[in-house]
Each structure stands twice: as C-alpha cells, then as structure tokens.
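Below: one structure, written as structure tokens.
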Amino acid sequence: MIKVITYGTFDLLHQGHINILKRARALGDYLIVGVTTENFDITRGKINVSQSLMERMEAVRRTGLADEVIPEEYEGQKIDDIIRNNVSVFAVGSDWDGHFDYLNEYCKVIYLPRTEGISSSQLRDSNAIKVGVVGGDPTVYKLIEQAKKVNGLEISGLYSDEADIVLKADKAYKTFDALLAENDAVYVAVRPENRFEYISRALNSGKHVISESPISMDGKQAESLYRLAEEKKLILFDSIKTAYGLPFQRLVLLIKSGIIGEIKNIDVTCTSLEVKEWLKVTKYYSSFTGWGAVALLPVFKILGIDYESISFLTLNSDEFKDIYTKATLKYKDAVATVNVGVGVKSEGDLRISGTDGYIYVPAPWWKSGYFEVRFEDLAKNKRYFYENEGDGLRMELVRFVRSISDNANNYYLSDDISIAICKVMKQYKEAAI
Ligand code: C2G
C-alpha cells in the first residue's frame with residue numbers, strides 16, 4: 001500500500017485545498033492529512049487563522065478525501081510522522097517548492113501545482129473590518145505596522161484634535177464624525193482623560209472600539225462603557241498588549257494550575273526612560289497613568305480584583321507630577337507591589353511568589369517570551385519559551401477581529417479587570433494628585 005501524507009492549515013477550506021487533497025490522494029492508496037495547530041501556526045508566523053483546529057480538522061474530514069486526519073504540533077513532526085506511519089510520498093503545493101527537499105531522505109517528495117486565484121487570506125480579507133485611529137499616542141505607528149500583518153482588519157486613517165500632535169498618516173480625517181462615518185471600528189489612542197468621551201461617541205455611533213488602557217480615569221465611567229457596548233451588541237476591547245500575547249497567557253494558566261502553590265506575593269516593575277510627549281501635557285500625566293494598567297495586569301489576572309486596600313507612594317519632580325509610583329495592594333491572603341516610573345530606569349521584571357516556589361519573568365516582562373519556574377530544589381526548576389509575535393499587539397488585533405466576527409466576550413482581558421484598572425486610577429488620582 002502506498003501511503004501519502006500532506007499538511008496544511010486548511011483555514012476556511014476552499015477549492016484550492018480540495019484540489020490539492022485530490023491530487024495527493026491520487027498519488028497513492030491511503031492519505032494522511034496533517035492539520036496545523038494554532039500554536040504551531042503562531043511559531044511559524046501564521047497568526048490570523050480564523051477557524052479552530054477542531055473546525056479545520058472536521059472540514060478536511062468532511063471532504064471524504066482523507067483516510068486519516070492528524071494534528072501537526074511541532075517543528076520536525078513531519079519526519080516523525082513519515083517514519084512512524086511508513087509513508088512513501090510527501091505531497092505539498094508548489095508554493096513550497098524546494099522547501100521540503102530534506103524529507104527526500106525519508107520518502108519521495110512531490111510538489112503539486114497550486115490552484116491560482118484563491119486563498120484563505122483572500123477569503124478572510126473579503127470582509128475586512130475598517131478601523132480608524134483617533135489620537136496621537138506614538139503607539140499608533142506600531143499599530144499601523146502590525147495591522148498590515150493581520151488579515152481581516154485594515155487601518156483606514158487617523159484623526160487627532162490634540163493640537164500638539166502631528167499625524168504622519170496617508171489619510172488624515174478632518175473630524176471625528178468623518179472617521180466614524182467611514183469605519184466599522186475605532187482605535188482610541190487619545191490622552192487618558194479624553195478616552196471616555198471618544199469611546200462613548202464611537203459606541204453610540206454603532207462602532208466597535210479598541211482603546212488604550214486605562215479606558216477611563218474612573219471605574220464608574222468604564223462600567224457604563226461596557227454596559228453601553230453590551231446594549232448595542234458591540235465589542236469594546238481594552239488594549240493592554242501583554243494580555244493577548246502567548247507567553248503571558250501561558251504564565252497565567254501555569255499559575256492557575258498550581259505549579260507554585262498558593263500565590264502570596266507579586267512584585268512587578270515597569271519603567272521607561274523616554275517620556276511620551278503627551279504625558280507631559282496631559283492633565284493626569286504621570287508614570288502611573290502611563291504604566292499602571294500594564295503593571296496591574298498580572299496582579300489582577302492572578303490575584304483577582306477583590307483587593308482589600310491599596311496605597312500609593314508617589315515621587316514628584318519639578319518637571320513631572322509623578323516620576324515614580326509604588327502602589328501596594330493588600331488581599332485577604334496575598335500582597336502585591338506595583339512599581340512604575342517614567343524617566344527612571346529599573347529592572348522591569350515580574351516575580352510571583354507561591355507557597356511551593358516562584359516564577360521569575362525577566363525584563364522587560366511585559367513582552368518577554370521567556371520565564372522560569374524556580375523551586376527550593378534546583379533540579380525541579382523549569383524554563384518556558386514562547387513566541388510573542390509583535391509583542392502581543394498583533395495577537396491583540398487578531399483577537400479583536402475574532403471577537404467581532406464571533407460576537408464573543410474578551411477572554412484575554414475581561415471587562416471586570418479593565419474596569420478595576422480604571423477604579424485604581426481614580427483611587428490614585430485622589431491619593432496622589
Ligand atoms: N493550496 C493550493 N492552492 C491554493 C491554496 C493552498 O494548492 N490556492 C495548498 C498549499 O500549497 C498546501 C495546502 O493547500 O499544500 C494547504 O495550504 P494552507 O492551508 O495555506 O497551509 P500551508 O501554510 O501551505 O501549510 O509545513 C507546510 C504546511 O503545513 C503547508
């Protein structure tokens with residue numbers, strides 16, 4: 001019996017996929033199809049797959065062309081599959097010409113003609129979500145770069161009424177209403193004290209919103225925004241990039257699985273030497289409004305939002321109201337310290353202490369793809385490595401697009417946490433300014 005194997009993502013299964021499966025099937029008597037898992041796709045730079053592994057495997061099964069459908073989980077698995085299953089032919093589309101020649105050592109490699117004029121990307125792009133950006137936070141330029149790599153989303157142009165902001169954009173809207181009229185969603189990157197107003201206006205005009213964090217300087221306002229979004233069946237996303245990246249998600253799950261026991265303390269630090277231009281002029285400019293949301297993320301994700309008390313120690317300089325803040329949170333069974341600074345340099349690491357061991361995430365922890373789980377017995381220490389494509393920003397956009405298409409809640413950064421961050425901002429304002 002001649003066994004043939006082929007691999008692919010098979011997202012939104014289309015005629016091109018069916019043709020390749022037919023052609024591969026015709027090369028032998030038995031066809032095995034490997035379908036890539038989401039994680040494997042992320043590590044090979046393919047991050048905007050629309051369907052889950054189950055849906056994609058099921059779609060391949062339903063073609064009736066495969067005798068066996070298996071998940072492809074890691075680099076090098078092809079060799080293993082070929083040897084273990086006694087495969088005679090490896091087949092793949094001609095877009096991979098030459099790429100899999102190394103498999104000739106194990107079986108025959110055949111590149112089959114690719115079907116022109118159709119692709120998963122095209123299908124995903126056909127109803128791309130148009131996003132207009134409001135505000136001049138320098139992160140918008142990173143956003144524009146990353147958005148180019150995300151299918152199903154397109155940044156149409158920018159608008160800012162913050163006079164000191166000079167927009168470097170191909171398309172600049174004259175008014176916010178003009179931006180609203182032409183887009184399905186809005187990315188809000190205005191100063192913290194103005195976010196509430198822009199988010200309200202966008203939601204009231206029926207637009208989905210993704211906003212820099214904190215989404216407001218007041219928890220009650222944030223609550224009302226999520227309520228409004230729900231009433232209007234719109235998606236409101238809090239843009240803390242770290243929350244959407246794979247390393248941070250895995251870190252949180254690992255902790256929830258109990259690997260270091262009960263969590264008793266979290267120490268988190270975020271600093272930057274560079275002062276964002278708008279932080280200098282905004283009413284609430286400070287290291288805490290700039291960094292607080294990111295630094296609170298691990299605390300709220302791991303310890304929850306029901307802290308008993310919070311206190312702030314803030315250092316003011318002649319130029320800034322807050323160049324460094326230490327916030328301490330007390331929980332029933334745990335404590336946490338959040339250190340944030342602008343114009344001050346420190347080790348931006350994250351330490352989570354448990355009753356069985358601790359986790360160390362080296363600086364800059366908010367975009368690190370690496371962390372260590374450490375125990376008293378050094379032999380038990382473990383290291384974890386993950387891809388963090390686009391520092392979380394690209395994944396955030398992918399999740400945003402998917403939330404809109406599935407009308408699903410934000411699993412990565414819940415409304416509750418986003419609101420709790422805004423509540424802390426209010427407490428900080430009252431305490432420190
Ligand atoms: N394909 C094709 N014609 C198209 C689109 C895709 O013949 N218009 C083929 C591809 O060449 C590939 C298969 O269909 O052989 C699956 O395509 P994708 O889902 O895009 O997966 P891909 O990233 O090409 O995965 O490691 C190799 C991969 O697993 C192949």
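For ligands, and for the atoms within them, numbers begin at 1 and follow the listed sequence.
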Pairs satisfying salt bridge (Lys or Arg N to Asp or Glu O under 4.0 Å), at least one member in residues 101-110, at least two apart | none
Check: Phe100 ring centre within less than 6.0 Å of Tyr7 ring centre = no
Set of salt bridge (Lys or Arg N to Asp or Glu O under 4.0 Å) partners for Arg201, sequence neighbours left out = Asp177, Glu197
Kindly assign one of parallel, tilted or perpendicular to the pair His99 and Trp96, based on the angle between their ring planes and the thresholds 30° and 60°.
-> perpendicular
For Ala379, does its backbone N or O pair with a side-chain atom of Asp377 as donor and acceptor, under 3.5 Å?
-> yes
What residues, two or more places apart in sequence or in another chain, satisfy ring pair (Phe, Tyr, Trp, His ring centres under 6.0 Å) together with Tyr307?
-> Phe300
List by chain and number: which residues place a heavy atom under 4.0 Å from ligand 1?
-> Tyr7, Gly8, Thr9, Phe10, His14, Gly16, His17, Ile20, Arg44, Lys46, Glu72, Lys78, Val92, Gly93, Asp95, Trp96, Phe100, Arg114, Thr115, Ile118
